[in-house]
Amino acid sequence: MSIEAVFHMNTGNGDSSYASNSHFQGMGLQISLPVLQEAINRIAKDLNGFPRCFKIADLGCSSGPNTLFVVTNILDIVHDMCSENNTQVPQFQVFLNDLVENDFNTVFRSLPAFYSKLKKKGDKRGHCYVYAIPGSFYSRLFPDENIHLFHSSYAVHWLSQVPQGLENNKLNIYMAKTSPTNVFEAYRKQFEKDFTKLLVLRSHEMISGGHMILTFAGRSKPDPTSEDCCVIWELLAKSLVDMVKEGLVEESKVSSFNIPHYTPYEGEVMDVIQKEGSFSLHSVNCFALSWPTPGINTAKFIRAVSEPLIATHFGYSIMDVLFKKYQEHVVDHLATMKGMTYNLIISLIKK
């Protein structure tokens with residue numbers, strides 16, 4: 001199944017929206033800021049200063065407070081560097097990319113406040129022009145040798161499609177301890193294919209010496225069923241199985257649904273980067289984040305990122321019951337275990 005036409009985060013600013021339930025991703029963004037600053041410093045050094053127009057693209061920008069948080073920090077970093085070196089601040093072109101069903105309207109409505117805050121910071125800041133670029137980052141988005149800095153946060157772990165050959169992954173919706181061996185292989189191959197394509201495409205669109213910063217969910221061990229990788233989805237599958245037992249969902253519906261998502265081990269990411277060959281690895285950082293607490297917040301977080309995709313398959317009518325059950329399973333899990341998500345920050349330089 002191609003996800004481009006149906007996949008997006010929950011829209012708006014309501015209780016189940018991504019905008020209201022993306023604090024977890026915001027913490028990851030905060031942790032990645034030193035890596036982002038180092039990349040910008042390196043770009044300026046390699047180019048002997050900033051270009052007249054500094055071009056930035058955020059891949060999988062989604063909507064909500066995190067979208068323009070990244071942009072604001074990039075502009076602040078560049079402005080501070082130019083002030084320290086007594087050089088002219090460049091103009092900025094900022095390209096916000098996501099799939100066509102992304103809630104770009106919420107992003108657009110936040111722009112007046114964004115521009116107002118920039119204006120209050122002073123007239124010496126370079127003009128900033130923000131554009132929406134709808135489309136998959138697994139396709140071409142920009143002309144050749146155009147972008148200086150690519151950034152992506154919590155997007156690259158989403159695959160371009162559900163891997164093929166998962167028909168025997170019965171009553172699971174992702175890799176799980178009970179999944180057959182071929183399921184792990186199918187997910188790994190789909191990630192390798194997609195991540196390779198991402199690197200190839202961005203290498204065409206980026207200037208030589210440009211940087212790409214990717215923050216995404218991964219796993220801490222080679223084992224694809226490690227706790228920090230799969231359990232958060234296993235609990236959702238368990239909730240669906242509960243509904244099968246209660247006659248609320250057909251078993252065949254659960255067995256035919258799988259999440260287009262992959263949490264790679266660091267070594268798998270390094271292998272793809274090396275084989276593709278367009279980028280030098282500048283740095284890799286790993287960190288763990290606890291699940292949002294209490295359990296209801298984890299349930300809201302997962303609902304915000306997955307509900308449209310799940311509802312396309314099962315229908316919206318069961319969503320409230322499903323995520324109520326999911327909340328209960330998460331609370332039970334957190335009563336005896338610590339929920340952790342493993343994360344990677346990859347900094348790459350175009351050769």
Side-chain angles (χ1 to χ4, degrees), residues 1-9 60 99 101 136-139 154-198 216-245 248-265 267-269 271-272 302-303 305-316 318-319 322-323 325-326 329-330 333 341-342 344:
M1 179 184 74
S2 174
I3 68 169
E4 186 168 353
V6 299
F7 182 58
H8 58 89
M9 307 290 105
L99 296 176
E101 292 296 327
S136 170
F137 51 63
Y138 296 122
S139 63
Y154 294 101
V156 174
H157 48 245
W158 293 106
L159 303 173
S160 66
Q161 64 177 52
V162 174
Q164 296 181 349
L166 304 183
E167 292 80 9
N168 60 343
N169 197 28
K170 302 295 185 182
L171 297 180
N172 294 313
I173 63 170
Y174 184 51
M175 300 183 299
K177 293 179 177 61
T178 58
S179 295
T181 305
N182 68 287
V183 171
F184 307 127
E185 185 69 8
Y187 268 104
R188 183 186 61 80
K189 286 184 176 180
Q190 187 64 52
F191 170 77
E192 288 181 354
K193 178 181 178 181
D194 285 345
F195 192 51
T196 298
K197 190 172 187 179
L198 174 76
F216 52 95
R219 65 179 190 268
S220 61
K221 302 174 183 177
D223 179 8
T225 65
S226 60
E227 285 289 319
D228 56 16
C229 163
C230 300
V231 69
I232 203 164
W233 297 111
E234 288 181 359
L235 296 176
L236 188 56
K238 190 175 181 180
S239 305
L240 284 165
V241 171
D242 288 346
M243 297 182 74
V244 169
K245 294 175 181 177
L248 300 175
V249 173
E250 295 178 10
E251 181 175 327
S252 60
K253 276 281 193 179
V254 179
S255 293
S256 60
F257 179 76
N258 289 278
I259 293 285
H261 177 278
Y262 187 71
T263 42
Y265 179 59
E268 295 174 329
V269 178
D271 286 346
V272 174
I302 293 297
R303 183 171 187 170
V305 303
S306 66
E307 181 174 21
L309 189 66
I310 296 169
T312 298
H313 186 81
F314 293 98
Y316 275 99
I318 71 162
M319 292 299 104
L322 171 61
F323 284 99
K325 291 180 178 295
Y326 182 58
H329 284 305
V330 170
H333 179 81
T341 299
Y342 194 72
L344 302 171

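Only a predicted model underlies this, so the values are computations on that prediction, with no experimental measurement involved.
The side-chain hydrogen bond (donor to acceptor under 3.5 Å, both in side chains) check on Thr263 picks up Tyr174, with sequence neighbours excluded. Applying the side-chain hydrogen bond (donor to acceptor under 3.5 Å, both in side chains) test to Tyr342 and every residue at least two apart in sequence or in another chain returns nothing. Shown here are the side chain to side chain contact (heavy atoms under 4.5 Å, CB included) partners of Ile310, two or more places apart in sequence or in another chain: Leu236, Phe257, Ser306, Phe314, Met319, Leu322, Phe323. With sequence neighbours excluded, the residues satisfying ring pair (Phe, Tyr, Trp, His ring centres under 6.0 Å) with Phe7 are Trp158. Scanning for side chain to side chain contact (heavy atoms under 4.5 Å, CB included) contacts around Ser179 gives Asn169, Asn172, Ala176, Val183, Phe184, with sequence neighbours left out. Considering only residues two or more places apart in sequence or on other chains, Glu251 meets the side chain to side chain contact (heavy atoms under 4.5 Å, CB included) condition with Leu171, Val244, Ser255. Remark: Glu250 pairs with Ser252, Lys253 by the side chain to side chain contact (heavy atoms under 4.5 Å, CB included) rule, at least two apart or across chains. Partners of Asp271 by side-chain hydrogen bond (donor to acceptor under 3.5 Å, both in side chains), not counting sequence neighbours: none found. In this structure His329 satisfies the ring pair (Phe, Tyr, Trp, His ring centres under 6.0 Å) test with no other residue, sequence neighbours excluded. In terms of the side-chain hydrogen bond (donor to acceptor under 3.5 Å, both in side chains) criterion, residue partners of Asp194 (sequence neighbours excluded) are, by chain and number, Ser160, Gln190. Annotation: salt bridge (charged side-chain N to carboxylate O under 4.0 Å, His left out) contacts of Lys325 (sequence neighbours excluded): Glu246.
Taking every heavy atom of both residues into account, Tyr326 and Ile232 meet most closely at OH-O, 2.8 Å. Here the shortest heavy-atom pairing between Ala217 and Pro264 reads O-CD, 3.4 Å. Here the shortest heavy-atom pairing between Ser136 and Leu99 reads CA-CD2, 3.6 Å. Considering every non-hydrogen atom in both Pro224 and Cys230, the closest pair reads O-SG, 2.8 Å. In plain terms, the two heavy atoms of Phe195 and Val272 that are nearest each other are CD2-CG1, 3.4 Å. Of all heavy-atom pairs between Val6 and Pro308, the closest is O-CB, 4.3 Å.
A salt bridge does not link Lys189 to Glu192: none of the charged nitrogens lies less than 4.0 Å from a carboxylate oxygen.
Judged by distance alone, the side chain of Ser239 and the main-chain N or O of Leu235 form a donor-acceptor pair under 3.5 Å.
In this structure, Ile318 CD1 and His313 NE2 are separated by 9.0 Å, a value rounded to the nearest 0.5 Å. Put simply, CD1 on Ile173 and CD on Glu234 are 9.5 Å apart, with the number rounded to the nearest 0.5 Å. Atom NZ of residue Lys193 and atom OH of residue Tyr138 lie 11.5 Å apart, to the nearest 0.5 angstrom. Here the CD-CD distance, from Glu4 to Glu101, works out to 10.0 Å after rounding to the nearest 0.5 Å. Residue Asn258 holds its CG atom at 11.0 Å from CG of Leu159, rounded to the nearest 0.5 Å. Rounded to the nearest 0.5 Å, atoms CG (Leu309) and NE2 (His261) are 11.0 Å apart.
A heavy-atom distance below 4.5 Å is found between the side chains of Phe216 and Val269. Using a 4.5 Å heavy-atom cutoff, the side chains of Val249 and Val254 are in contact.
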List the steps, then state whether side chain to side chain contact (heavy atoms under 4.5 Å, CB included) holds for Met175 with Trp233.
-> CA-CA 8 Å; Met175 300 183 299; Trp233 297 111; over 6 Å; no
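Sorted by first and then second residue, the pairs that involve residues 218-233 and meet salt bridge (charged side-chain N to carboxylate O under 4.0 Å, His left out), not counting sequence neighbours, are Lys177-Glu227, Arg219-Glu268.
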